[in-house]
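Remarks on the structure that follows.
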Amino acid sequence: MIAGFIEWMLIRAVRLLAGAQARWEGCGPAPEQRIYVANHSSHLDFMLLSSALPGPLRRRTRPVAAAEYWTSGPLRRYLIQDVFRCVLLGRQRFQLNPLEAVAGALRQGDSLIFFPEGTRGPGDNLQPLKPGIFHVARWFPDVDIVPVWIDNSDRILPKGFAIPVPLLSSITFGAPLRWKHGQQQEEFLAELREALETLRPR
């Protein structure tokens, strides 16, 4: 109950701070299982995207986050595990399957927020997409991949800053795509990259 109240307060704070205007251009909010795949330029990104989802969708959508960063202190660990119920992604070498936690969450019916760049970028363009999302899409070909562009988060909470700046943001949802049988990694990532860049405000 306490964790739920904290999440509600943080989501409201993000909406007041950043506007978080949702633009459903290629699809609408729907209850089916999805993987929301977004650009990444701020630690605020998953909260901005979450705040743009209607309550019933948000409650069944879990962000995928780097375990090394978010478990480095008790406050971060509480927020990421208990409040936002994140799927923690390890980056240790020699890990048998670092995406197993992601696959497990999808198998139990959760929707996910996924950042395929793997780390924060500069905000004005995409970094190269990591192959993780390709493998996840191939394992779960019946789950929609929804491209999302989060605009202005790099200015609201720039890298190296702890206090966000009140500025407007927008979260644009594009048309869903899926892995096609036989589609190779480079082709899929190029299609996803194009879908994301199409959503970027000009």
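Here the side chain of R138 pairs no donor or acceptor atom with the backbone of Q185 at under 3.5 angstrom. Formation of a donor-acceptor pair under 3.5 Å by the S153 side chain with backbone atoms of D45 is not found in this model. Using a distance-only test at 3.5 Å, with no hydrogens or angles considered, a donor-acceptor pair links the side chain of R62 to the main chain of R85. Side-chain N or O atoms of S111 include one that pairs as donor or acceptor with a backbone N or O of R34 at under 3.5 Å. A donor-acceptor contact shorter than 3.5 Å links the side chain of R193 to the backbone of Q127. The backbone N or O of H40 sits less than 3.5 Å from a side-chain atom of E117, completing a donor-acceptor pair. Under the 3.5 Å distance criterion, the side-chain polar atoms of Q81 are left unmatched by any main-chain donor or acceptor of L79. Without hydrogens or angle criteria, D154 side chain to S42 main chain gives no donor-acceptor distance under 3.5 Å. Although no hydrogens or angles enter the test, the distance criterion places no donor-acceptor pair under 3.5 Å between the side chain of Q33 and the main chain of V143. Between the side chain of R60 and the main chain of P31, a donor-acceptor pair closer than 3.5 Å is present.
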Donor-acceptor pairs under 3.5 Å, side chain of residues 168-179 to any protein atom, not counting sequence neighbours: which ones?
| unit_1 | atom_1 | unit_2 | atom_2 | d |
| --- | --- | --- | --- | --- |
| S169 | OG | A18 | O | 3.0 |
| S169 | OG | A20 | N | 3.4 |
| R178 | NE | D144 | OD1 | 2.7 |
| R178 | NH2 | D142 | O | 3.1 |
| R178 | NH2 | D144 | OD1 | 3.2 |
| W179 | NE1 | Q183 | O | 2.9 |

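Here the straight-line distance linking atom CG of L48 with atom CG of L157 works out to 9.0 Å at 0.5 Å rounding. Here CH2 of W8 is found 10.5 Å from CZ of R58. Values are rounded to the nearest 0.5 Å.
Hydrophobic clustering keeps M9 apart from F84 (ILVMFWY residues linked when any side-chain heavy atoms are closer than 4.5 Å, directly or through intermediates). Hydrophobic clustering (ILVMFWY, side-chain heavy atoms < 4.5 Å, transitive): L16 and L49 are in distinct clusters.
Contact check on E100 versus R107 returns a salt bridge, with a Lys/Arg side-chain nitrogen under 4.0 Å from an Asp/Glu carboxylate oxygen.
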